[in-house]
Amino acid sequence: MKKLPFYILLALIITSCGSNDQGELIGVQSKSKWHSKKPVGMAYIPGGSFTMGKQDEDVSGALNSPTRTVTVRPFYMDETEITNAEYKEFVFWVRDSIVRTKLALLSELMSDDTNKVLEDYQFKNIDTTDMTPYQKYMMNNYGSLGDVNSPLQGRALNWDADLIWNTSEFPDEYYAEVMDSMYVPIEDSFDGRRMLDTKKLKYKYSWLDREAAARNKGERKNFIKQEVVNVYPDTTVWVKDFNYSYNDPMHQDYFYHEAYNDYPVVGVTWSQAKAFCSWRTKKKNDFLRSKKKPSSVPYFRLPTEAEWEYAARGGLEFSTYPWGGPYTTSDRGCFLANFKPDRGDYAVDGALYTMEAKSYNPNGYGLYNMAGNVSEWTNTAYNDDSYYIGSTMNPNVENTKNRRKVIRGGSWKDVAYFLEVSTRDYEYADSARSYIGFRTVQDFLGANNNKN
């Protein structure tokens, strides 16, 4: 009997032992194992059941938060309120995207074979010789590599060239023309300064109303919503919220000056907070795509009212405040939050207005300022009967037509009652206040306690 050559024998062994499932049901196997990774600056909230609502006196007599046991799924939550510095990153990205798009479009319009205008800011060239078959199909049939309704039409902006903001260093008149379109008109300028027209900083995004799509029949396109949101905070809230009060320094400097970078952003509406969540999701997914990582992250979003209260309690059952209670000072007489302890004495707790987002001690889940500093937007619509009609599993009575949105936690201008973890309050979605900010959450995928 002739012996089989070694390489044939090796091939037979690999074939028989490698990918052979022996006909058993083994499921679709992923190329890589999914591990949930805690986002930077977020805390893991393990999920579970808790008694939601007022366990003590209902001072306001609202009768809108009766006690009941509910269960929420695990999620991640920002350790602090979103700060001015973090929100500025969003604003600057929107600003720079608009400017770069204007520069690229003008370059495309004014350039020819012999004269290149704004060459450093042109759209990145599409290399047709290096296209995939799918990209060639898209260009031939749609004339675009992406959204055909976008002014970019799937083309990429050039983010390598720095933008020039000093008017004395503008490279040419074409650049000056674009920048002039971003400033307020000359007649609205003073002190010889050209100021950015913040009304032009608009962020456009789309989202799918999944709940409506699941509950109603119809084509998917009928449930895709387009949003255009002015992203700059309303800094005039420091003046408008208080009559006969001198708050001009806060109006001028709170969002603008770097001294307040680590303070919570205020003057943002519910819609602006939602837009920030969309952008933060896009920012992370764009990074993953650039690294050729197939998995996208779960959406960043506003917390539901139940998630917010569960997280605020920090694992303590029947607590009045995030630190337990029932007192607002420590055994050494130090205040445990930034609020209005006494009538008119805003500064007795150490702060006249807001404080840094990471101040005072965190609660049991590592969350700062879940009571006081600024009230926080949630994703839940306010309804007096929410607790009576809502589910006991991940409750969230959401009504897009209801413009009243739940805010939680109390603020620097509120008395202690509004700092209680079970106290409900609301504000209209299109309102911006000097005492309302927000923090974001992200769903945890799976049911284990792996926080890395």
Side-chain angles (χ1 to χ4, degrees), residues 30-32 34-42 75-78 82-105 108 120-127 130-132 134-135 137-139 142-163 200-208 210 224-232 265 268 271-302 438-445:
S30 299
K31 293 182 179 179
S32 60
W34 166 259
H35 293 284
S36 182
K37 185 175 181 180
K38 182 170 72 69
V40 174
M42 286 189 139
F75 57 96
Y76 296 113
M77 179 178 251
D78 288 324
I82 295 299
T83 65
N84 283 324
E86 291 168 333
Y87 196 83
K88 277 180 187 176
E89 185 180 351
F90 174 38
V91 171
F92 289 175
W93 184 90
V94 172
R95 177 200 66 184
D96 293 356
S97 296
I98 294 172
V99 171
R100 291 183 187 279
T101 299
K102 285 175 173 282
L103 290 169
L105 290 174
E108 189 175 64
D120 292 340
Y121 302 98
Q122 291 178 336
F123 290 115
K124 287 189 174 180
N125 291 328
I126 300 175
D127 187 358
D130 196 34
M131 280 187 178
T132 65
Y134 172 75
Q135 289 174 329
Y137 173 84
M138 289 294 291
M139 286 299 296
Y142 297 98
S144 167
L145 295 179
D147 184 2
V148 294
N149 297 315
S150 165
L152 300 184
Q153 299 240 324
R155 295 166 294 180
L157 293 174
N158 180 12
W159 288 85
D160 297 329
D162 293 333
L163 292 178
K200 295 188 176 181
L201 303 184
K202 295 182 179 181
Y203 177 68
K204 181 180 179 181
Y205 71 101
S206 59
W207 60 283
L208 176 64
R210 289 178 171 80
I224 297 176
K225 311 295 183 182
Q226 298 284 344
E227 306 286 352
V228 179
V229 180
N230 188 303
V231 301
Y232 203 86
V265 66
V268 291
S271 298
Q272 288 174 317
K274 295 270 285 186
F276 177 90
C277 294
S278 169
W279 168 80
R280 187 176 182 183
T281 304
K282 169 182 166 54
K283 172 182 167 67
K284 184 64 177 180
N285 284 332
D286 285 350
F287 169 78
L288 292 175
R289 278 192 288 269
S290 71
K291 299 299 181 182
K292 302 201 181 329
K293 302 212 174 159
S295 296
S296 59
V297 299
Y299 290 98
F300 291 95
R301 56 180 176 81
L302 294 178
F438 69 101
R439 70 180 79 207
T440 67
V441 300
Q442 185 189 69
D443 290 322
F444 177 86
L445 301 183

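Counting from 1, the numbers follow the sequence of the chain as shown.
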Any side-chain heavy atom of Y203 sitting closer than 4.5 Å to one from K282? yes
Can you tell me if S206 uses its side chain to pair, donor with acceptor, with the backbone of Q226 under 3.5 Å? no
Measure the spacing between OH of Y121 and OG1 of T101 and express it to the nearest 0.5 Å. 13.5 Å
Please confirm whether the backbone N or O of V231 pairs with a side-chain atom of Y87, one donor and one acceptor, at under 3.5 Å? yes
What's the verdict on salt bridge (Lys or Arg N to Asp or Glu O under 4.0 Å) for D286 and K283, showing C-alpha distance, side-chain angles and the deciding distance? CA-CA 5 Å; D286 285 350; K283 172 182 167 67; over 6 Å; no
With D78 as partner, the option from R280, R301, K38 fulfilling salt bridge (charged side-chain N to carboxylate O under 4.0 Å, His left out) is R280
Step by step, work out the salt bridge (Lys or Arg N to Asp or Glu O under 4.0 Å) result for E227 and K274. CA-CA 10 Å; E227 306 286 352; K274 295 270 285 186; over 6 Å; no
Where do L163 and R100 land on the side chain to side chain contact (heavy atoms under 4.5 Å, CB included) test, with the steps shown first? CA-CA 8 Å; L163 292 178; R100 291 183 187 279; 3.7 Å; yes
Side-chain heavy atoms of T440 within contact of M42, under 4.5 Å: yes
Residue pair K37, V297: steps toward the side chain to side chain contact (heavy atoms under 4.5 Å, CB included) verdict: CA-CA 10 Å; K37 185 175 181 180; V297 299; over 6 Å; no
Looking at CD1 of I98 and NZ of K202, how far apart are the two atoms once the value is rounded to the nearest 0.5 Å? 9.0 Å
Examine distances only and state if a side-chain atom of Q272 and a backbone atom of N230 form a donor-acceptor pair shorter than 3.5 Å. yes
Can you see which heavy atom on A104 is nearest to which on L157, and at what distance? CB-CD2, 4.4 Å
Check: F276 ring centroid to W279 ring centroid under 6.0 Å: yes
